[in-house]
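Below is one structure, written out as structure tokens, with a few remarks after it.
For this chain, numbers begin at 1 and follow the sequence in order. The basis for the numbers below is simple: all heavy atoms, side chains too, and nothing from hydrogens, waters or symmetry mates.
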Amino acid sequence: MASHLWEDVRVGNHVDPPLPVRASARDVELAKLTLEQAGWTLTAFVGACVRAVAAEPETVLGMLDKHRPEPKRRGRPPAEQRSTAAPNG
């Protein structure tokens with residue numbers, strides 16, 4: 001029988017792993033206000049989005065595509081973008 005990734009993941013006593021998400025403080029506050037007025041919590045909304053993508057990927061991803069952030073570069077910036085000045089000290 002094939003093993004599924006979600007069967008092998010445990011974080012502490014929790015079967016469901018945490019989902020760290022970073023968004024601008026302004027976007028989070030505006031979203032919270034809108035969601036609260038509609039009777040949602042931010043946590044419930046993010047969970048619903050994850051379930052929606054799993055159930056209807058083409059529809060949900062197509063709808064969200066215009067809101068997708070640019071990929072963030074990881075690691076140190078390229079040498080030509082780093083400051084060549086020595087730190088004061």
Side-chain angles (χ1 to χ4, degrees):
M1 181 187 300
S3 175
H4 297 285
L5 176 62
W6 62 86
E7 292 173 347
D8 298 330
V9 175
R10 286 191 75 83
V11 178
N13 292 326
H14 298 280
V15 174
D16 299 325
L19 182 62
V21 177
R22 187 173 304 269
S24 76
R26 179 181 182 274
D27 287 346
V28 171
E29 287 307 312
L30 290 172
K32 281 182 177 180
L33 289 172
T34 301
L35 291 168
E36 286 171 5
Q37 291 173 359
W40 286 77
T41 64
L42 187 57
T43 300
F45 176 75
V46 171
C49 288
V50 169
R51 287 187 295 280
V53 169
E56 302 177 54
E58 294 83 16
T59 301
V60 175
L61 293 175
M63 183 178 60
L64 294 174
D65 195 45
K66 66 182 177 185
H67 302 286
R68 185 179 185 178
E70 292 294 322
K72 290 187 178 179
R73 181 176 177 78
R74 296 195 181 268
R76 293 181 68 174
E80 63 272 7
Q81 292 179 2
R82 283 185 254 155
S83 173
T84 57
N88 294 334

Q) How long is the span from the CD atom in E29 to the CG atom in L42, to the nearest 0.5 Å? A) 9.5 Å
Q) From M63 CE over to L61 CG, what is the distance, rounded to the nearest 0.5 angstrom? A) 9.0 Å
Q | Residue E70 excluded, over 12 heavy atoms near CD under 6.0 Å | A | no
Q) Considering all heavy atoms of both residues, which atom of V28 and which atom of A23 are nearest to each other, and what is their separation? A) CG2-CB, 3.8 Å
Q: List the atom of A54, the atom of P57, and the distance in Å for their closest heavy-atom pair.
A: O-CD, 4.1 Å
Q: Of all the heavy-atom pairs spanning T41 and L35, show the shortest one and how long it is.
A: O-CD1, 4.3 Å
